Every structure is written in structure tokens, then in C-alpha cells.
Amino acid sequence: MGLVKRFLELPCPPKWVFATTRDMEAEKSKEVKELACKHLNLVVLQLDVTKLESIQAALKEVEKCVGEGGLTLLVNNAGIRLFNDLETENAKNMMTIYSTNTIGPLQMSQAFLPLLKKAAQRNPQEGLSCSKAAIINISSAGGSMEVMLLWYKWKGIGYRCSKTALNMLTRCQSLEYSRHGILSVCIHPGWVKTTYKEADLTVEESTQGIVTVLSMLSEKDNGTFVDWLGRQVPW
């Protein structure tokens with residue numbers, strides 16, 4: 001929701017902004033639906049990234065809006081956390097987390113690749129950028145094998161492993177999709193005051209930083225792991 005607001009607040013906002021929610025009737029969806037009433041360029045879609053039929057339905061709605069212009073930016077932000085340690089982690093929880101945090105971004109990118117290619121082909125600028133065509137995977141320093149963010153606060157084994165796998169997915173995408181003019185980057189949004197009220201970043205600070213970073217990304221950043229201020233995060 002924070003990123004949606006930042007895009008709408010830009011001096012020259014995008015022609016289309018697509019926001020997704022798993023449950024259109026949920027209490028959390030009220031705010032974004034109210035925002036869509038004020039901004040005609042905001043389209044709210046139902047989406048469950050763990051279900052291919054849901055992804056395809058969202059794709060069709062996006063295609064209706066963007067047409068031959070394609071989709072410039074895909075932000076894979078869906079994610080879940082379960083707080084299991086090495087003793088309590090189990091196969092069922094691991095598969096649930098991977099389905100959303102790793103396989104979800106993979107299948108979203110696969111489905112929307114034709115629209116990203118169209119956007120890249122229609123943009124004459126050289127190199128790679130978010131204004132041409134890009135996949136941004138929202139990752140976490142919790143998945144960094146060097147940083148191991150907040151390890152002594154929560155273990156989150158499945159979550160950490162899923163984000164490490166997402167980082168590898170981003171690297172693979174950067175090697176394959178760059179030939180189509182598509183930039184691929186993973187971003188750590190910081191420790192944000194959502195689940196943890198003692199976190200050091202507000203949603204506004206994190207999302208404003210991310211939008212600024214997006215405007216500065218170029219070909220040299222393809223396949224990298226950066227934070228909300230554009231700083232490199234160790235793998």
C-alpha cells in the first residue's frame with residue numbers, strides 16, 4: 001500500500017498503477033479501494049500469487065488497460081512470515097512460505113514477461129532502467145547469508161531460506177531477461193514498522209526510499225541486491 005501511494009504522489013504519476021489484494025472484501029483492502037475512487041489511474045485487482053488461475057486472471061485485467069504499451073514495472077511484494085526456529089520448522093510451513101515468497105515471484109514474472117518485453121521494445125532508450133522495463137523482487141537482509149538480519153530476535157528459518165532463494169531467482173532473471181531489455185533487481189526494504197513496532201523505519205520512509213532508488217537504477221545494477229537507500233546488501 002505504501003508503494004502504491006508513493007507512485008500516485010509522483011509529479012508525473014504512471015498512466016496506470018495496479019495494486020493487488022488476496023481478498024477484495026478484507027478490512028485491509030478498504031483503504032486501497034477508497035484510494036482507487038480518487039485516482040482513476042489506480043486499478044485494484046484480486047490476486048493470490050500461489051494460484052496460477054489467479055495470476056492469469058490478473059494478467060488479463062492488466063492487459064486490458066496497458067494494451068500494446070506493455071507493463072513497465074513489476075514489483076513482486078507478496079510475502080509471508082512464520083516464526084519457526086530450527087526445532088519447530090517443518091515441511092508444511094516451508095512449502096507454504098516458498099509458495100508465496102519464492103515460487104510466487106517466479107510465476108508472476110513468467111506470466112507478465114510478454115508485457116514487460118512489449119514495454120522494453122517500445123522504449124528506444126539504451127541500457128536498462130525501471131522506466132524501460134524491470135522486475136523488482138522485494139527481498140530481505142534476513143535472507144542474506146552474511147548479514148543474517150535480526151537473527152537473535154527471531155529465527156524464521158523458512159522465511160530466511162525463501163528470501164535467499166528469491167535472491168538467486170533475481171540473479172537468474174538478470175542473466176536471462178536482460179537480453180530482452182528487462183532489468184532485474186532485489187531490494188531489502190529495511191526493518192519497517194509493520195509487524196514490529198520497535199522497528200527503525202516507517203512505511204513512508206521505506207517506500208519513499210525505494211521509489212527514489214527505482215528512479216536511479218541502471219544497467220550496472222542488474223542482478224544486484226540493494227536496500228531502500230540504494231546501498232549494496234551482501235548475498
Side-chain angles (χ1 to χ4, degrees), residues 1-4 18-23 26 28-29 45-56 58-59 73-86 88-113 116 134-151 153-174 176-177 184-196 199 201 203 206-207 210 213-214 223-228 233-235:
M1 184 60 183
L3 274 176
V4 171
F18 301 97
T20 65
T21 175
R22 277 190 299 174
D23 184 357
K28 290 182 178 180
S29 301
L45 302 172
Q46 190 280 327
L47 174 65
D48 183 338
V49 300
T50 68
K51 297 178 179 178
L52 277 174
E53 62 271 23
S54 180
I55 292 174
Q56 288 299 319
L59 174 62
L73 182 64
L74 174 66
V75 180
N76 287 313
N77 188 42
I80 58 172
R81 280 185 291 189
L82 297 174
F83 301 96
N84 293 319
D85 58 22
L86 284 169
T88 59
E89 192 58 87
N90 58 72
K92 181 181 178 181
N93 286 340
M94 288 281 282
M95 287 188 286
T96 296
I97 294 171
Y98 265 77
S99 292
T100 297
N101 294 6
T102 311
I103 300 171
L106 168 66
Q107 295 188 141
M108 283 291 292
S109 301
Q110 290 172 329
F112 283 84
L113 182 60
L116 290 161
I135 296 171
I136 303 298
N137 294 319
I138 301 300
S139 186
S140 170
S144 163
M145 289 185 282
E146 182 174 333
V147 175
M148 293 297 290
L149 180 69
L150 300 173
W151 172 255
K153 193 169 192 66
W154 62 275
K155 300 302 185 277
I157 304 303
Y159 175 82
R160 291 179 186 276
C161 292
S162 73
K163 290 300 187 178
T164 305
L166 177 62
N167 293 346
M168 174 56 82
L169 172 63
T170 307
R171 287 286 286 167
C172 295
Q173 290 173 330
S174 72
E176 182 69 17
Y177 295 160
S184 302
V185 174
C186 44
I187 293 182
H188 166 55
W191 190 28
V192 185
K193 295 180 188 293
T194 50
T195 304
Y196 294 111
L201 277 178
V203 172
S206 172
T207 54
I210 291 172
V213 169
L214 294 181
T224 61
F225 185 14
V226 299
D227 70 7
W228 76 100
V233 180
W235 297 111

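Model, not experiment: these values are computed from the prediction.
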*Asks:* Identify the heavy atoms of R171 and G223 that sit nearest to each other, and give their distance.
*Replies:* CD-O, 2.9 Å
*Asks:* Tell me which one of T224, I187, I136, N137 satisfies side-chain contact (heavy atoms from CB on, under 4.5 Å) with T170.
*Replies:*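 Exactly one candidate clears the test, N137.
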*Asks:* Hey, are the side chains of N84 and I157 touching, using non-hydrogen atoms and a 4.5 Å cut-off?
*Replies:*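 Side-chain contact under 4.5 Å: no.
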*Asks:* Report yes if some heavy atom in the side chain of H188 is under 4.5 Å from a heavy atom in the side chain of W228; otherwise report no.
*Replies:* yes
*Asks:* Give a yes or no on this: more than 12 heavy atoms of other residues, nucleotides or ligands lie within 6.0 Å of atom CE of M148.
*Replies:* yes
*Asks:* For a quick test of reading the model, state the closest non-hydrogen atom pair linking L59 to A111 and the distance between them.
*Replies:*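 Scanning both residues completely, I find the closest heavy atoms to be CD2-O, 3.5 Å.
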*Asks:* Applying side-chain contact (heavy atoms from CB on, under 4.5 Å), can you list everything that pairs with L3, at least two apart in sequence or on another chain?
*Replies:* F7, V75, T207, I210, V211
*Asks:* Measure the CD-CH2 distance between E146 and W235 for me, rounded to the nearest 0.5 Å.
*Replies:*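 Rounded to the nearest 0.5 Å, the CD-CH2 separation comes out at 12.5 Å.
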*Asks:* Less than 4.5 Å apart, any side-chain heavy atom of C186 and any of L166?
*Replies:* no
*Asks:* Just how far is it from atom CG of L82 to atom CD of E89, taken to the nearest 0.5 Å?
*Replies:*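 Here the rounded value is 7.0 Å.
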*Asks:* Going by atom types only, do D85 and T88 share a side-chain donor-acceptor pair under 3.5 Å?
*Replies:*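 Looking only at side-chain atoms, T88 and D85 do form a donor-acceptor pair, the distance falling under 3.5 Å.
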*Asks:* Where is the tightest heavy-atom contact between G143 and K163, given as atom of each residue plus distance?
*Replies:* CA-CB, 4.0 Å
*Asks:* Could you check whether K153 makes a cation-pi contact with W151, meaning its NZ or CZ is under 6.0 Å from the centre of the six-membered ring and within 45° of the ring axis?
*Replies:* no
*Asks:* So, does S144 use its side chain to make a donor-acceptor pair with the main chain of P234 at under 3.5 Å?
*Replies:* yes
*Asks:* Restricting to non-hydrogen atoms, name the atom on Y98 and the atom on A165 that form the minimum distance, rounded to 0.1 Å.
*Replies:*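 What the structure gives for the nearest pair is CE2-CB, 3.9 Å.
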*Asks:* Please report the closest heavy-atom contact between V4 and A19, naming both atoms and the distance.
*Replies:*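 It is CG2-CB, 3.8 Å.
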*Asks:* What is the distance from atom CE of M94 to atom OG of S99, rounded to the nearest 0.5 Å?
*Replies:*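 These two atoms lie 11.5 Å from each other.
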*Asks:* If you measure from CD on Q107 to OG1 on T50, what distance do you get to the nearest 0.5 Å?
*Replies:*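 The OG1 atom of T50 is 8.5 Å from CD of Q107, to the nearest 0.5 Å.
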*Asks:* Using every non-hydrogen atom in the two residues, find where R160 and L149 come nearest and quote the distance to one decimal.
*Replies:* NH2-O, 2.8 Å
*Asks:* Examine distances only and state if a side-chain atom of S206 and a backbone atom of V203 form a donor-acceptor pair shorter than 3.5 Å.
*Replies:* no
*Asks:* Distance check, rounded to the nearest 0.5 Å: N101 atom CG versus S140 atom OG?
*Replies:* 9.5 Å
*Asks:* Taking atom OG1 of T20 and atom CD of Q46, what is their separation to the nearest 0.5 Å?
*Replies:*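 That separation rounds to 9.0 Å.
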*Asks:* Using modelled atom types only, decide if a donor and an acceptor are shared between the side chain of S29 and the backbone of D23 within a distance under 3.5 Å.
*Replies:*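 Yes.
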*Asks:* Could you check whether any side-chain N or O of T100 sits under 3.5 Å from a backbone N or O of G79, counting only pairs where one atom can act as donor and the other as acceptor?
*Replies:*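 No; judged by distance alone, with no hydrogens or angles, the pair does not exist.
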